[in-house]
Undergrad: 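The structure under discussion is supplied below as structure tokens; questions concerning it will follow.
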Number of protein chains: 2
Amino acid sequence: MAKLDFSPIADTTRRAEIVALLRRAILTGQLEPGQKLNELRISEQMRVSRAPLREAMRELVQEGILTSIPYAGTFVIDVTAKDIDDAYSLNKVLDEFAIERTWKLRDQRFFDELDRRHEAVKQATRALDTTRQIETALQLHGLIYEWADNSVLLETWQRLTSRLQMYFALHQRARNEPVPAEDVHETYVRLLKGADMRAAQRHAREHIDLDFEELLAYARGLEQRTSKG
Amino acid sequence: MAKLDFSPIADTTRRAEIVALLRRAILTGQLEPGQKLNELRISEQMRVSRAPLREAMRELVQEGILTSIPYAGTFVIDVTAKDIDDAYSLNKVLDEFAIERTWKLRDQRFFDELDRRHEAVKQATRALDTTRQIETALQLHGLIYEWADNSVLLETWQRLTSRLQMYFALHQRARNEPVPAEDVHETYVRLLKGADMRAAQRHAREHIDLDFEELLAYARGLEQRTSKG
DNA sequence: TCTTGTAGGATTGTCGACAATCTGCTTGTC
DNA sequence: GACAAGCAGATTGTCGACAATCCTACAAGA
């Protein structure tokens, strides 16, 4: 018999689809931070009952992108400068760890996948699709986590990613200008293919530094504005 | 007016209580790894309907101590040696980071709390209450995370803790012998009070090493047994 | 004997309705 | 006019019942 690996078929519960829909709406900024989610309205729009919707919302609360207050409602989390700073500093540590764990496991498949994801970022950049650009950039960055062969680390990264994606989307949306066209990931990819692990770790740290500095400045500006108003 | 900080009142939804009950049952090992949770049976035992129970289970799935397969059921996660190893290696990194972040923020309240939690461990040890000993030891260890002033880090640690507590409980339960009576945390506490941050980080790393080595050996033994049977 | 098809029961997923709680407005009183 | 009480209206939390799916056992056929 030919050796063939079937991947598990998709979860076909309404709940799973609702989770995907809501997550996407939140991460792309269609649902804004602080906004309340009205169960009845959403369930009618989606043509489902409130039961699977509520279960889906419970999942997203635990995922950290919704917050719930009993008898008051469920809300999209607020983006504070502190949150971004916290996520940022932790990300630095995790990145270093992920690169270390991944380093010995790199193989041709890793390099191919790296190129594939890098290409996806470049394509989104050319298409000026900022939402997709954020998505693909995070996916490129996430490869070292998927390859590190540490399920707990991967979970942690994915939780962080949700928030980061939300922050970046908000940022892009606010400044509303095309993203730099040059390829900022060129060096990152090259170093991950190279032989100097320390250099890769150092660059990863500095690279996310740049992205975050902008984000932080934006978030701080946001808070100043809202505290004035 | 006198300055008085009121803590938020308890969440009085059935869901929240169910979450607490189930979590405790899982972390203390009353619900064993791999075991299936029958919704109807549990809801009847708790005298609640399946709706809040299912929502509670969704939360625990996201928390990482339950796993769900559509139309098949929800199960307590299995404890593999790899999981423990993953959690262990990540914990080392997080510990170092937490100590670094906490270091500058230590004050008298920190030291007092450290002593309080240390005392709680010693008391549980004297009382030969292994479940409580695990709980208090993890709480002692968690102080640096609470003090690090990084909400994302704290969340991550708490997720890890759930699993660790489960693993340790299982371990204790299996070997079923009183825990060492000597105070293994003495040095840890002393170093956290001292002036040498590097030394504290080094010790934290070596300290959890000891605990985990035992745990890993146990888990590997478990897997050998089950793969034979 | 092994495989395949088929009921039957058990369990999970979903629905619509009711109960509990919160919010905002109105009303009455001072 | 200020303030408290109380009354809708809306929203969340919970319930019991139905629909969809899965697992088991058993029978039929190659």
Side-chain angles (χ1 to χ4, degrees), chain A residues 1-2 4 6-23 25-26 31-78, chain B residues 1 6-23 25-26 31-78:
Chain A
M1 193 195 292
L4 178 56
F6 286 107
S7 57
I9 64 170
D11 294 353
T12 49
T13 60
R14 296 185 196 280
R15 181 182 67 239
E17 291 189 38
I18 297 172
V19 166
L21 273 176
L22 281 182
R23 187 189 286 122
I26 296 166
L31 285 169
E32 289 176 16
Q35 188 174 344
K36 177 173 175 178
L37 278 70
N38 185 310
E39 297 178 1
L40 194 60
R41 200 165 53 75
I42 294 177
S43 68
E44 280 170 356
Q45 286 179 359
M46 292 188 179
R47 306 285 177 84
V48 295
S49 75
R50 284 174 55 223
L53 173 63
R54 283 174 59 87
E55 291 185 16
M57 286 164 79
R58 258 356 105 200
E59 290 191 20
L60 294 176
V61 165
Q62 284 307 107
E63 207 173 298
I65 60 181
L66 289 181
T67 179
S68 163
I69 302 173
Y71 290 107
T74 305
F75 309 82
V76 179
I77 60 163
D78 268 317
Chain B
M1 194 193 293
F6 286 107
S7 57
I9 64 169
D11 294 353
T12 49
T13 60
R14 296 185 197 280
R15 182 182 67 240
E17 292 189 37
I18 297 171
V19 165
L21 273 176
L22 282 182
R23 187 190 288 122
I26 296 167
L31 285 169
E32 288 175 17
Q35 188 174 343
K36 177 173 175 178
L37 278 70
N38 185 309
E39 296 178 2
L40 194 59
R41 202 165 51 77
I42 294 177
S43 69
E44 280 169 356
Q45 285 178 0
M46 291 189 180
R47 306 286 176 84
V48 295
S49 74
R50 284 174 53 225
L53 173 62
R54 283 174 58 86
E55 290 184 16
M57 286 164 78
R58 259 356 106 199
E59 289 192 20
L60 294 176
V61 166
Q62 284 306 107
E63 208 173 298
I65 59 181
L66 290 181
T67 179
S68 162
I69 303 173
Y71 290 106
T74 305
F75 309 82
V76 179
I77 59 164
D78 268 317

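What you see is a predicted model, and the numbers here were worked out from it, not measured in a lab.
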Undergrad: Output all residues satisfying side-chain hydrogen bond (donor to acceptor under 3.5 Å, both in side chains) with A:R58, sequence neighbours left out; order by chain, then residue number.
TA: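 For A:R58, the residues satisfying side-chain hydrogen bond (donor to acceptor under 3.5 Å, both in side chains) (neighbours in sequence not counted) are A:S68.
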
Undergrad: Identify the two heavy atoms, one from A:T13 and one from B:P70, that lie closest to each other, and give their separation to 0.1 Å.
TA: CG2-CB, 3.8 Å

Undergrad: Nearest 0.5 Å, what's the CD-CZ distance between A:E55 and A:R14?
TA: 12.5 Å

Undergrad: Answer yes or no: is there a side-chain heavy-atom contact under 4.5 Å between B:L60 and B:T74?
TA: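 A side-chain contact under 4.5 Å is absent here.
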
Undergrad: Identify all pairs in which a protein N or O lies below 3.5 Å from an N or O of nucleotides 6-10 of chain C, and state each distance.
TA:
none

Undergrad: Show every salt bridge (charged side-chain N to carboxylate O under 4.0 Å, His left out) that has at least one partner inside residues 62-75 of chain B, sequence neighbours left out.
TA: B:R23-B:E63

Undergrad: On DNA chain D, which is the earliest and which the latest nucleotide, 5' to 3', with an atom closer than 4.0 Å to a heavy atom of chain A?
TA: D:dT11 to D:dT14

Undergrad: Do A:K36 and A:I69 come close enough that some side-chain heavy atom pair is under 4.5 Å?
TA: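 No, their side chains stay 4.5 Å or more apart.
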
Undergrad: For a side-chain contact (heavy atoms from CB on, under 4.5 Å) check, start with the C-alpha distance between A:L53 and A:L22, then their side-chain angles and the critical distance, and finish with the verdict.
TA: CA-CA 10 Å; A:L53 173 63; A:L22 281 182; 4.0 Å; yes

Undergrad: Give a yes or no on whether A:E32 atom CD has more than 12 heavy-atom contacts from other residues, nucleotides or ligands under 6.0 Å away.
TA: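 Atom CD in A:E32 is not crowded, with 12 or fewer foreign heavy atoms closer than 6.0 Å.
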
Undergrad: Can you sort out the partners of B:R50 under side-chain hydrogen bond (donor to acceptor under 3.5 Å, both in side chains), two or more places apart, ordered by chain and number?
TA: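 Counting only residues at least two positions away or on another chain, B:R50 forms a side-chain hydrogen bond (donor to acceptor under 3.5 Å, both in side chains) with B:E39.
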
Undergrad: A:Y71 or A:R14: which one's nearest nucleotide on DNA chain C is closer to the 5' end?
TA: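 That would be A:R14.
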
Undergrad: Yes or no on side-chain contact (heavy atoms from CB on, under 4.5 Å) for B:E17 and B:L21, after CA distance, side-chain angles and deciding distance?
TA: CA-CA 6 Å; B:E17 292 189 37; B:L21 273 176; 5.6 Å; no

Undergrad: Would you jot down, in residue-number order, the residues of residues 50-63 of chain B having a non-hydrogen atom under 4.0 Å from DNA chain C?
TA: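 Residues of residues 50-63 of chain B under 4.0 Å from DNA chain C: B:R50, B:R54, B:R58.
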
